[in-house]
Each structure stands twice: as C-alpha cells, then as structure tokens.
Amino acid sequence: MIRFYNTLSGKTEEFKPLRPGQVGLYTCGPTVYDYPHIGNYRAYIFEDILKRFLIFSGFKMTHVMNITDVDDKTIKGANVLGLSLNDYTKKYIEAFFEDLKVLRILPADYYPRATEHIEDMVRMVRGLLDKGYAYLKDGSVYFSLIRFPDYGKLSKINKEELKAGARVESDEYEKESVYDFVLWKKARPGEPCWETELGPGRPGWHIECSAMSTRYLGPTFDIHCGGIDNIFPHHENEIAQSEAYYGQKFVNYWLHCHHLVVDGEKMSKSKGNFYTLRDLLARKIDPVDLRYFLLSTHYRKMLNFTFDNLEQAKASRQRIIDFVYVLQHQPLPETSQTESASALVASALSNFQDSLADDLNISAALAALFEFIREINSRLARNELSRQAADQVLTAIYQMDKVLAVLPEKKEEELPAEILKKIEQREQARREKNFALADSIRQELLQQGIVLEDTREGVRWKKIN
Ligand code: AMP
Ligand code: ZN
C-alpha cells in the first residue's frame with residue numbers, strides 16, 4: 001500500500017488513483033524570468049523521486065509541468081532589457097531544460113507554456129464570470145472569495161482576515177492579503193497583452209495553472225505538487241478557480257516539499273541567498289552529488305544548504321559507486337558454499353520499496369540500501385559471494401537506482417571472459433601462496449594492457465595503452 005501525506009486533509013492517506021494503474025501528475029514549473037536556483041531544484045527533484053517511485057511501483061504516469069512565461073516577473077525582466085517576452089524567456093527556458101538533463105530529472109509528458117494557452121484561460125475566466133464567481137472592475141477580472149465558501153481548505157487560512165471586496169493585483173502576496181485575486185489583468189502601457197473577448201489584457205498567474213493542468217489531465221486528477229510556498233495563495237487559488245468553474249473536485253492529493261534553506265532562511269532570489277546550478281558547476285561540483293544531496297532528506301523536512309552537507313552527500317553516494325565497482329570487477333568464485341543471496345536481495349528490495357511507499361521515506365529507503373551494502377561487503381570479505389550472487393546484487397542495486405538515479409551512467413567497459421578468468425587464476429594462486437605463478441599472471445596481463453591493483457576490497461583492474 002502506498003501512502004502520502006495530503007496537505008488538503010492534513011493526514012497521511014492511502015494513495016488510490018482515479019484510474020487503476022495510471023496517475024495524472026501536475027507540478028508547478030518554473031517562472032522563466034531568470035535561472036532557477038537550487039532551492040527550486042529541491043522541489044523538482046522531490047517530484048522526480050515521487051514520479052520515479054510510482055513508475056517503479058508499476059504505474060503509468062502522465063506528468064504535466066507548466067512553464068510560466070508571462071507573469072509580473074517575466075514582464076518586468078523583459079521590459080528592463082527592452083526585449084519581447086519571448087526573446088527574454090527563451091534563454092531561461094533552454095537553460096531549464098539543460099538543467100533537468102544534468103540533474104537526471106525525467107522529462108514530463110507535456111510542458112505547456114502559458115503564452116500558448118491564453119484561449120484556455122479566457123474560456124475559464126469567461127465561465128467564472130457567467131457563473132457569478134468573478135466580476136469585472138476597471139477592465140480587470142477578479143475572483144470573488146465570498147462566492148466560494150470552500151476557500152481556505154488547503155492552506156487553512158484564517159478567513160476572518162477575508163476582507164470582502166478588497167482586491168489584490170499582484171501575482172504573489174502574503175497571508176495578510178486574503179483578498180479577491182485577479183484572474184485577468186487589463187492591458188497597461190508597456191505590457192504585453194492579448195485581444196480577447198474579455199478585452200485587451202493578460203492572465204493572472206494563478207489561472208494559468210488551473211487552465212493548463214485541467215487541459216491536459218481533465219477537471220479532476222490525482223496529484224498536484226509544489227513547494228510549501230505555493231500552498232498560499234497559488235494552490236488555494238487554483239482550487240477556487242478550478243472547482244468553481246468545473247463544479248467538481250480539482251485534485252485528490254496535494255504534496256508539498258519543504259524548503260531548501262540557508263542559515264534558516266528560505267533560499268530565494270529576493271533574499272539573494274541562492275546558488276544556481278551553474279554557480280555550483282563552476283565550482284566543479286558534480287550535479288549528481290547535488291541530486292543526491294537534495295533527495296536524501298525527507299521531502300517534508302527543511303533542508304539546510306552548506307558545502308559541508310554537500311560533501312557528506314558526495315561521500316555517501318561514493319560508497320554506493322565503490323560498492324558497485326567492486327562487485328562488477330572483483331573476480332569471484334563461480335559458486336559459493338553459503339546460501340544464495342536471493343533472500344537478502346529480496347528483503348533489501350522490499351525494505352527499499354516499503355520505505356518509499358510510506359510517504360516517500362527516503363531516509364529509511366537509503367538505510368535499507370546501505371544495510372544491504374554492509375551485509376554483502378561482509379560476505380565478500382569472508383569470500384562467500386559467488387559471481388552469480390554478485391550479479392543478482394548488482395541487478396537489485398540498479399533497480400533501486402531507477403528511483404534514485406545516482407549511479408554513474410556509463411557502464412565500465414567489460415573485460416573479455418578469458419582475461420577475467422586469468423584474474424581469478426591469479427587470485428587463486430595468491431590464496432595458495434603460489435606467488436611466482438601470481439606474479440607471472442600479473443606480468444602476462446600487463447603485456448595485454450591490464451594493470452592489477454590489490455586493494456582492501458579486493459583486486460581492481462585498469463586498462464592502459
Ligand atoms: P517559482 O519559479 O518561484 O514559481 O518556483 C518553482 C518551484 O520551486 C515551486 O514549486 C516552488 O515552491 C519551489 N521553490 C522555490 N524556492 C524553494 C526553496 N528554497 N526550496 C524548495 N522549493 C522551492
Ligand atoms: Zn502553478
């Protein structure tokens with residue numbers, strides 16, 4: 001059974017998708033006014049783990065991530081540089097897709113852009129006006145909170161703060177401003193605008209996600225994600241707009257990740273306490289170490305960014321990589337006296353899966369992985385692991401890595417079987433203390449361009465020219 005903590009109910013609930021075996025997932029994408037910072041990537045990597053885990057568990061995913069390419073911030077940025085909105089956002093959209101690849105985030109099925117879905121937004125705003133949930137004021141359209149009694153059910157906002165008829169224009173605002181929010185902003189000099197049946201103007205940020213999510217996933221879908229800063233007002237407003245328009249439940253499970261913080265403060269552009277992925281790459285940081293760092297703390301816990309913490313994550317990841325390397329390269333007996341590794345492999349995999357099924361408990365999942373590594377290492381040290389068992393272990397580790405995606409991608413070039421056999425013969429000779437034979441095999445291999453290195457974990461090989 002898979003369970004997730006649902007922000008909507010405030011409880012951990014069994015996950016039951018609307019259609020068996022299929023999941024519709026919407027994740028709020030980037031506002032492309034600048035390069036994302038690594039706090040944003042905490043959210044996208046949490047969503048990637050969620051998605052990879054559901055795929056691992058046998059679900060077929062339809063994942064939609066929007067690109068917010070028109071809002072207050074993109075318009076401001078484009079105006080400062082005197083560029084069109086498209087010319088301004090293009091560079092950041094491209095950079096975002098590059099980052100996703102580098103961080104091994106699986107691509108979404110759809111990346112709808114707000115500027116390409118204006119008609120869908122206009123249709124919704126028109127419908128909200130017709131149904132009496134929205135009103136026109138000085139050329140802009142606002143959502144009337146008083147008309148939607150369910151307002152606040154996600155963020156548990158104090159509705160006493162609600163000031164009837166007070167309006168908020170900007171896309172982002174704090175909890176103190178529980179006001180009628182803008183759906184459609186009338187055209188202003190120097191701002192891009194669309195000629196529509198609502199009059200000339202442009203959409204507010206919140207209606208964009210309501211229109212694009214339901215366009216691709218239907219009026220009701222399974223999971224909607226974002227960082228906790230999205231809960232109010234963005235997701236609260238999405239619920240209001242969508243449920244008022246369609247007259248049915250918008251989303252069954254709302255999952256939100258906590259923030260990446262620096263000295264206790266949310267990493268954000270406005271505070272200036274941020275690093276972009278590019279900043280870290282310039283410091284020669286391996287992006288997959290960053291991925292490991294961002295995924296290895298439970299998504300609902302705050303995560304503190306320091307270079308020390310990043311180093312620790314790198315060391316943990318290296319332990320997995322070294323283990324895989326040894327299993328791949330250490331010559332091992334074809335058979336072993338002891339029981340097969342099947343039971344260990346099965347329990348490691350089920351512990352890993354059960355942990356993630358418990359609201360993505362990554363700490364327990366990684367503990368299961370490292371416990372498995374310890375057990376296999378001790379069998380190795382006692383020379384109780386056969387080649388066949390090692391291969392089984394490797395298959396299990398690569399299966400877990402389908403969720404984690406932290407192992408090196410390029411598989412090492414494999415050695416031909418006769419060379420592997422020679423390495424094993426040399427090991428045998430060493431065990432029998434026949435050092436003359438062991439040395440002559442080492443020389444023979446050297447002439448074929450294979451250098452052997454005896455390490456604590458066993459023999460390693462390297463190819464030389
Ligand atoms: P934005 O481009 O600001 O709309 O943010 C994109 C995503 O990143 C949203 O899901 C935000 O909730 C999330 N986000 C922003 N800052 C952080 C942070 N410091 N830690 C985790 N997630 C964040
Ligand atoms: Zn959104």
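Read the numbers this way: they start at 1 and go in the same order the structure lists the ligands and their atoms. Fair warning: this is a prediction, and the values are worked out from it, not measured in the lab.
Ring pair Y92/Y88 is perpendicular by interplanar angle, where above 60° counts as perpendicular and below 30° as parallel.
Looking at E47 and Y26, their side chains never bring a donor and an acceptor atom within 3.5 Å of each other. Judged by distance alone, the side chains of H259 and D229 do bring a donor and an acceptor atom under 3.5 Å apart. Looking only at atom types and distance, the side chain of D180 has a donor-acceptor partner in the side chain of Y135 under 3.5 Å away. N66 and Y110 share no donor-acceptor pair across their side chains, judged by distance under 3.5 Å alone. There is a side-chain donor-acceptor pair under 3.5 Å between D71 and T74.
Atom NE2 is the N, O or S atom of H234 at the shortest distance from the Zn ion (ligand 2).
In this structure, R317 forms no cation-pi arrangement with Y292, as its terminal cationic atom is not both closer than 6.0 Å to the ring centre and no more than 45° off the ring axis.
Sorted by chain and number, the residues within 4.0 Å of ligand 1 by heavy atom are P30, T31, H37, G39, N40, A43, Y44, G226, G227, D229, N230, H258, H259, L260, K266, M267.
Among the atoms of H235, no N, O or S atom falls under 2.8 Å of the Zn ion (ligand 2).
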